[in-house]
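Structure, as structure tokens:
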Amino acid sequence: GSTNVTSGTNQTIPPIITALLTTANTCTGSARSNNHPTGLYTHSRWYLNTNYAVATNIGANPSGSADLRGRGVGVETVIVSLYDYDPVSGAKTQIGSSPAITITGATTAYPYSISSPLYTVPAGHRLMLQYDFNQPTTTDRARVYCSTPSPSYIAVTETAAPLVVSASA
């Protein structure tokens with residue numbers, strides 16, 4: 001979960017752009033590219049910058065806003081996915097994803113909802129948002145903004161997972 005975002009600078013994908021997201025839903029700059037695979041590709045991953053200290057339930061269907069920009073030529077879409085990320089092993093488990101968001105050539109905040117069940121994030125893990133763009137050419141602008149007046153974010157409902165204790169004789 002480290003960051004390789006160079007705010008304001010286009011980056012070539014691969015590698016996937018990585019960035020940090022704080023618990024106050026603020027992030028480190030903007031993820032920008034204009035040289036990437038054609039079609040569906042993973043653009044960027046945004047990692048919560050702290051691990052859960054205890055197992056935590058995440059409510060079903062969290063929502064947020066993604067401040068995005070494409071090139072504005074042809075049909076361009078973005079899917080936002082929410083993952084459980086284990087920073088020790090690097091493993092990620094998909095919790096859910098949004099329907100495809102059709103984007104334009106203008107910077108716009110797009111509301112989204114993640115279709116997901118109630119999910120328990122294990123202690124020591126953190127949440128991660130992944131942005132998958134689907135664009136018709138390799139030179140289309142692809143942007144996820146976090147330093148604009150309406151930064152990208154997700155709002156989740158968190159409750160401590162109940163502790164299960166079993167009696168032994």
Exercise. Distance from L82 atom CG to I114 atom CD1, nearest 0.5 Å?
Worked result: 5.5 Å
Exercise. If every non-hydrogen atom of Y52 is compared with every non-hydrogen atom of R126, which pair is closest and at what distance?
Worked result: CD1-CA, 4.3 Å
Problem set entry | Minimum heavy-atom distance A109-P111, with the two atoms named | O-CD, 3.7 Å
For this session: Measure the spacing between CG of L129 and CD1 of I154 and express it to the nearest 0.5 Å.
Result: 5.0 Å
Problem set entry | Gap separating the OG1 atom of T93 from the OH atom of Y83, nearest 0.5 angstrom | 9.5 Å
Exercise. Within the side chain of H36, is there an N or O that forms a donor-acceptor pair under 3.5 Å with the backbone of Y41?
Worked result: no
For residues 69-80, run the donor-acceptor check on the side chains, cut-off 3.5 Å, and write out each pair with its distance to 0.1 Å, sequence neighbours left out.
unit_1 : atom_1 : unit_2 : atom_2 : d
R69    : NE     : G105   : O      : 2.8
R71    : NH1    : D140   : OD1    : 3.3
E76    : OE1    : R71    : N      : 3.1
E76    : OE1    : G72    : N      : 2.7
E76    : OE2    : R71    : N      : 3.0
E76    : OE2    : Q135   : NE2    : 2.6

For this session: Report yes or no: does T108 contribute a side-chain atom to a donor-acceptor pair with the main-chain N or O of Y110 at less than 3.5 Å?
Result: no
Problem set entry | Spatial distance of atom NZ (K92) from atom OH (Y47) [nearest 0.5 Å] | 7.5 Å
When the side chains of residues 56-66 are checked against the rest of the protein, which donor-acceptor pairs come out under 3.5 Å, sequence neighbours left out?
unit_1 : atom_1 : unit_2 : atom_2 : d
T56    : OG1    : V54    : O      : 2.8
N57    : OD1    : T120   : OG1    : 2.5
N61    : OD1    : S116   : N      : 2.9

Exercise. What distance separates Y112 OH from L68 CG, expressed to the nearest 0.5 Å?
Worked result: 9.5 Å
For this session: Measure the spacing between CG of L48 and CG of L127 and express it to the nearest 0.5 Å.
Result: 6.0 Å
Exercise. Within the side chain of R143, is there an N or O that forms a donor-acceptor pair under 3.5 Å with the backbone of A31?
Worked result: no
Seminar exercise, completed: On a heavy-atom basis, the closest approach of D132 and S81 is OD2-OG, 4.4 Å
